[in-house]
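The structure displayed is predicted, hence computed values, not measured ones.
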Amino acid sequence: MGAEARRCARATIEYDGTAFAGSQVQPNARTVQGELEGALNRLIGERIRVRLAGRTDAGVHATGQVAALCLTRALPWKGGLPELRRRLNAVLPRDLAVRALRWAPLGFDPRRDALWRVYRYRIRIGGGVRPLERHRTVEIEDGLDVGAMRAAADRLVGERDFAALGSDAHGTTVRHLAEVRVTRRGNLVEVRVTANAFLKRMVRGIVAVLLEVGRGRLAPEAVTELLDRPGRALDGRAAPARGLTLERVIYPSARSTTERRTTNDAPTRARTRA
């Protein structure tokens, strides 16, 4: 077995989530992980388990999802990882692609090693219709008060218990939101959210609250109280999945990763699913 075969590769993947039941493999369902593992098995002839930086729900897209895959034997062709990437993209379905593929540091864990995840939600206001963007943008008839949405977004930033906006299978609902930014270009409003990790449906829950504020149904200053109440905010309502895209997963530098592991600092174990 060559040196390459003993290492894990880090892949940056992009997918249109419209026809996927989510990113994580599920029985009798089409998933991102399932398609990747199936393609790798066909190409290399062995069962390879793919690990993802975070789970995305059915209908959620990604331009910067990160996956790790470890090989137990040498690649059966010349050209190394560039050739593996080319072959993967030749057999993967058209709604899934590997954008980049490179060797990862020893012990790389795409979920636990991640520092931040960045999501973007797209909303087209005023009844605008763009057929080519219908799978990744939510179109609404209303106008939105973007200034009020920004004021509400500022109240979400920081570390707190976000149980009102999502759930976690292990019951750990404290997360650190580093940024909630609302921007407008013409009739396109975008919400960019960065956090160390997310609860299930959390980003879509945040957008649902901001939409209530933008429509004048909820005051910006009421957001803090809404999050502090027991139970789910807005009776658990979430914005539609199709407007949400996982844009980027941010990792520490190679040097800081090595220093962290040398000092036995435990990497974050927070799960993310939006």
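One hydrophobic cluster holds both L226 and V203 under the rule that ILVMFWY side chains link at heavy-atom gaps under 4.5 Å. In the hydrophobic cluster analysis, where Ile, Leu, Val, Met, Phe, Trp and Tyr join through side-chain heavy atoms closer than 4.5 angstrom, L188 is grouped apart from V180. Under a hydrophobic-cluster definition in which Ile, Leu, Val, Met, Phe, Trp and Tyr are linked whenever side-chain heavy atoms come within less than 4.5 Å, directly or via other members, L101 and I48 are assigned to the same cluster.
The side-chain heavy atoms of R248 and V66, taken from C-beta on, include no pair separated by under 4.5 Å. Considering only heavy atoms from C-beta on, V32 stays 4.5 Å or farther from Q65 through its side chain. Between L36 and V98 there is a side-chain heavy-atom pair separated by less than 4.5 Å. No side-chain heavy atom of Q33 sits less than 4.5 Å from a side-chain heavy atom of S23. With contacts defined as side-chain heavy-atom distances shorter than 4.5 Å, the pair R10/Y251 qualifies. Residues R192 and V118 form a side-chain contact, since some pair of their non-hydrogen atoms from C-beta on lies under 4.5 Å apart. Using a 4.5 Å heavy-atom cutoff, the side chains of F198 and R204 are not in contact. Proximity of L177 to I206: side-chain heavy atoms (C-beta onward) are separated by under 4.5 Å at one or more points.
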### E179/V157 under side chain to side chain contact (heavy atoms under 4.5 Å, CB included): CA gap, chis, key distance, verdict
CA-CA 6 Å; E179 176 191 57; V157 174; 5.7 Å; no

### Residues L234, R217; criterion side chain to side chain contact (heavy atoms under 4.5 Å, CB included); working and verdict
CA-CA 11 Å; L234 307 180; R217 300 171 184 170; over 6 Å; no

### Query
Does the side chain to side chain contact (heavy atoms under 4.5 Å, CB included) test come out yes or no for R120 and T63, once each step is laid out?
CA-CA 10 Å; R120 188 180 301 270; T63 56; over 6 Å; no

### Message
What verdict does the side chain to side chain contact (heavy atoms under 4.5 Å, CB included) test give for L211 and I123, after you've listed the backbone C-alpha separation in whole Å, the side-chain angles of each residue and the deciding distance to 0.1 Å?
### Response
CA-CA 10 Å; L211 284 172; I123 308 156; 3.8 Å; yes

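Side chains of T173 and D161: a donor-acceptor N/O pair is present below 3.5 angstrom, by distance only.
The CZ atom of F20 sits 9.5 Å away from the OG1 atom of T18 when rounded to the nearest 0.5 Å. In this structure, CD on E37 lies 9.5 Å from CG on L69, to the nearest 0.5 angstrom. The CG atom of D142 sits 9.0 Å away from atom CD1 of I125, with the distance rounded to the nearest 0.5 Å. Here R201 contributes atom CZ and R232 contributes atom CZ; the two are 6.5 Å apart, rounded to the nearest 0.5 Å. Note: D228 CG to R160 CZ = 4.5 Å, rounded to the nearest 0.5 Å. Going from atom OH of Y119 over to atom CG of L246 covers 4.5 Å, rounded to the nearest 0.5 Å.
Nearest approach of G80 to W77, heavy atoms of both residues: O-NE1, 3.7 Å. Minimum heavy-atom separation, V213 to P220: CG1-CG, 4.0 Å. The two residues L43 and V91 have their closest heavy-atom pair at CD1-CG2, 4.1 Å. What you find for D168 and H170 is that their closest heavy atoms are OD2-N, 2.8 Å. Closest approach of V249 and A114 over heavy atoms only: CG1-CB, 3.6 Å. Of all non-hydrogen atoms in V138 and R242, the two that sit nearest each other are CG2-CG, 4.0 Å.
Between V182 and the options V193, L210, V207, a side chain to side chain contact (heavy atoms under 4.5 Å, CB included) holds for only L210.
In this structure a side-chain-to-backbone donor-acceptor pair under 3.5 Å is present from N196 to H176. In this structure, the side chain of R47 does not engage the main chain of N41 through any donor-acceptor pair within 3.5 Å. Looking only at distances, no side-chain donor or acceptor of R102 sits under 3.5 Å from a matching main-chain atom of A104. A donor-acceptor contact shorter than 3.5 Å is absent between the side chain of H61 and the backbone of D16.
Few gaps surround CZ on R229; more than 12 heavy atoms of other groups in view lie less than 6.0 Å from it.
By the 4.0 Å N-to-carboxylate-O rule, R30 lies close enough to D95 to be salt-bridged with it. Of the charged side-chain nitrogens involved, none lies within less than 4.0 Å of a carboxylate oxygen, so that E139 and R134 do not count as a salt-bridged pair.
Each salt bridge (charged side-chain N to carboxylate O under 4.0 Å, His left out) pair with one or both residues in residues 147-157, not counting sequence neighbours, would appear here, but there are none.
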